[in-house]
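Note sheet for the following structure.
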Amino acid sequence: MTSTRIFFVGGLMSYRALFGWMNPWIFIPSLLVSPVCQILLFAYIGRSAGVGDDEFYVIGNALNYAAIPCMFAMTFTIGGERFAQTLGLVLATPARRIPLFLGRSLPVILNGWFVAMFGVVVGSLLLDAHIPGSAWPLIALVVAVGSLASTGLGLVMGALNLVYRDGATMGNVLFLVLLIFTGTNVALDDLPGWMAAIGRCLPLSHAIEATRMLGDGATWGAVQGLVGTEALIGLAYVAVGLATIRLFEHLSRAGATLDQI
Amino acid sequence: MTGLGARLRQQLVCFWLQLKILMFSPFEGFLAVLFPLMFATSALLVYRVNNDPDAMLYAGIGAAAMGIWTSQTVSATTLVQRERRAGTLELVVAAPTSFSLVLLPITCAMATIGLYSVVATILWDWWVFDIALHVEDWPVFVLSILMATITIALFGFLLSVSAVRYRTSWALGAALEYPGWLLCGFVIPLDLLPDALRPVSWALAPTWAVEGMRAAAAGESAWADLAVCGAVGLAYAALAGWLGVRLINAARRDATLALS
């Protein structure tokens with residue numbers, strides 16, 4: 001019961017307290033305007049280069065941008081606590097770590113899902129990209145799986161933030177890695193082999209591919225393998241993140257470096 | 001020291017001090033170079049799919065200048081907020097040197113980081129994408145890059161004074177990054193944009209500087225583009241100077257300068 005309360009109530013409270021982007025003056029430009037502008041930028045680059053269609057760039061960039069709230073919010077669950085001088089209190093509690101940190105990830109996944117879906121919907125409207133009506137429910141599901149996977153990577157970042165303080169720079173670098181390697185703007189088949197191989201181990205690659213297939217009219221049966229792989233990758237990152245948090249928590253206690261800013 | 005000499009010294013000292021601070025900042029130094037470099041890489045990967053050397057060269061020239069824009073957007077919009085957080089904003093405003101003359105060398109230092117980004121991107125394009133710049137008129141090409149740097153610095157100057165009372169201005173700066181890359185035609189021809197957006201592109205000085213870079217590379221005259229670029233940049237400076245005085249006076253009158 002306590003773990004359930006920590007998961008839901010603790011997660012929501014932590015999100016409201018630490019996620020500064022809830023301010024509309026930040027949320028609207030950062031998480032609504034920017035993804036749409038990124039979609040438009042690459043859609044026009046695609047038109048100029050004569051590569052792909054608008055739908056390709058709408059889906060790729062909308063999902064790619066979900067990584068921003070997912071990764072940064074999870075990083076801030078560590079960095080924000082440290083900044084508020086409450087990290088020691090959080091880690092000194094007897095609360096189990098799995099509900100403590102996974103509870104914080106649930107609102108993050110929902111927010112990432114919303115940002116990506118907003119990008120897909122508004123990008124499609126602005127560029128007149130046609131996505132069949134029947135595909136939308138499955139697209140919503142695949143985007144949720146992609147957000148979960150990105151949040152898993154965010155959990156790893158949050159753990160690294162225990163020992164590397166500059167979470168903002170680290171988050172941006174990882175966002176760029178996802179932009180280049182996950183087939184956001186160039187299909188994995190058109191990337192050099194080594195880049196595609198890295199991309200297939202990262203969150204979002206399979207979700208982007210599955211969403212594009214759904215947008216082209218594919219059935220659930222055609223994409224379920226990709227969605228399953230994306231979910232497995234996400235869960236693997238979550239597991240690595242939780243294990244890394246435990247390890248770095250121990251190291252930072254031993255070195256008395258927990259609250260260093 | 002004469003008034004002009006003292007003013008020049010203040011500009012140089014402030015520029016050099018801020019440049020050193022920026023160079024050691026992972027976010028405003030390292031990331032200001034890496035972020036546009038990776039977006040340029042992503043754009044060039046798209047262009048590379050069709051393997052058209054002319055299109056690659058076209059995109060490569062514009063991509064080189066993307067970093068100058070990035071060096072200003074987030075950094076310039078958060079300039080005043082950083083002073084506020086550091087507790088130095090009141091000191092800067094109360095100093096006998098006008099507020100505008102304090103901000104200007106800071107935005108110039110930011111643009112210098114952008115200039116470094118240009119060199120890094122040109123080398124990166126050559127190394128990774130095998131894009132060798134064929135430039136017919138190197139002096140005018142370099143002048144176009146310098147014009148882009150100076151006018152974007154002036155745009156940053158305008159942004160920084162405009163955001164004096166916007167407490168979460170970094171979000172505005174981040175949101176300006178992609179529109180700037182799109183509207184200034186760094187990696188796409190402006191003809192592709194909807195007609196309604198053309199006047200916005202014309203009002204952005206880098207649009208003309210990038211046109212100048214491409215004209216110089218092709219051996220055509222770039223002077224008309226550079227003249228418009230300079231005129232638009234001066235308009236930014238005049239507007240920023242005018243706004244700076246009024247916004248700061250309003251913030252002092254309402255006692256809101258230090259609120260964060």
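Numbered from 1 within each chain, the chains take letters A, B, ... in sequence-line order.
Considering only heavy atoms from C-beta on, A/I26 comes within 4.5 Å of B/W170 through its side chain. Inter-residue side-chain proximity for B/Y178 and A/I39 is flagged as unmet; no heavy-atom pair is nearer than 4.5 Å. With contacts defined as side-chain heavy-atom distances shorter than 4.5 Å, the pair A/I45/B/L182 does not qualify.
Other residues, nucleotides and ligands place no more than 12 heavy atoms under 6.0 Å from the CG atom of A/D128. In this structure, A/W113 places its CH2 atom where only 12 or fewer heavy-atom neighbours from other residues, nucleotides or ligands lie under 6.0 Å away. Within 6.0 Å of atom CE in A/M13, 12 or fewer heavy atoms from other residues, nucleotides or ligands are found, so the atom counts as exposed in its surroundings.
Within the 4.5 angstrom heavy-atom criterion, only side-chain atoms of A/Y57, from C-beta onward, approach chain B. Contacts between A/M170 and chain B at a heavy-atom distance below 4.5 Å are absent for every atom of the residue.
Between B/F39 and A/F175, the ring-plane angle classifies as tilted under the 30° and 60° cut-offs.
One distance of note links CE of B/M38 with CG of A/L178; it measures 13.5 Å at 0.5 Å rounding. For the atom pair CD1 (B/I188) and CG (A/L40), the distance works out to 10.0 Å, reported to the nearest 0.5 Å. Distance OG1/A/T169 to CG/B/L31: 5.5 Å, rounded to 0.5 Å.
B/A175 approaches A/S34 most closely through the heavy-atom pair CA-OG, 3.4 Å. Nearest approach of B/L192 to A/Y44, heavy atoms of both residues: O-CE2, 3.3 Å.
The residue among A/V33, A/N185, A/T184 with the most heavy atom pairs within less than 4.5 Å of chain B is A/N185. Options B/P26, B/P189, B/A174 differ in how many heavy-atom pairs under 4.5 Å they form with chain A, and the most are formed by B/P26. Of the listed residues (A/D190, A/I180, A/V177), the one with the most heavy-atom contacts under 4.5 Å to chain B is A/I180.
Proximity to chain A at a heavy-atom threshold of 4.5 Å picks out B/S42, B/A43, B/L45, B/V46, B/Y47, B/R48, B/V49, B/N50 from residues 42-59 of chain B, in numerical order.
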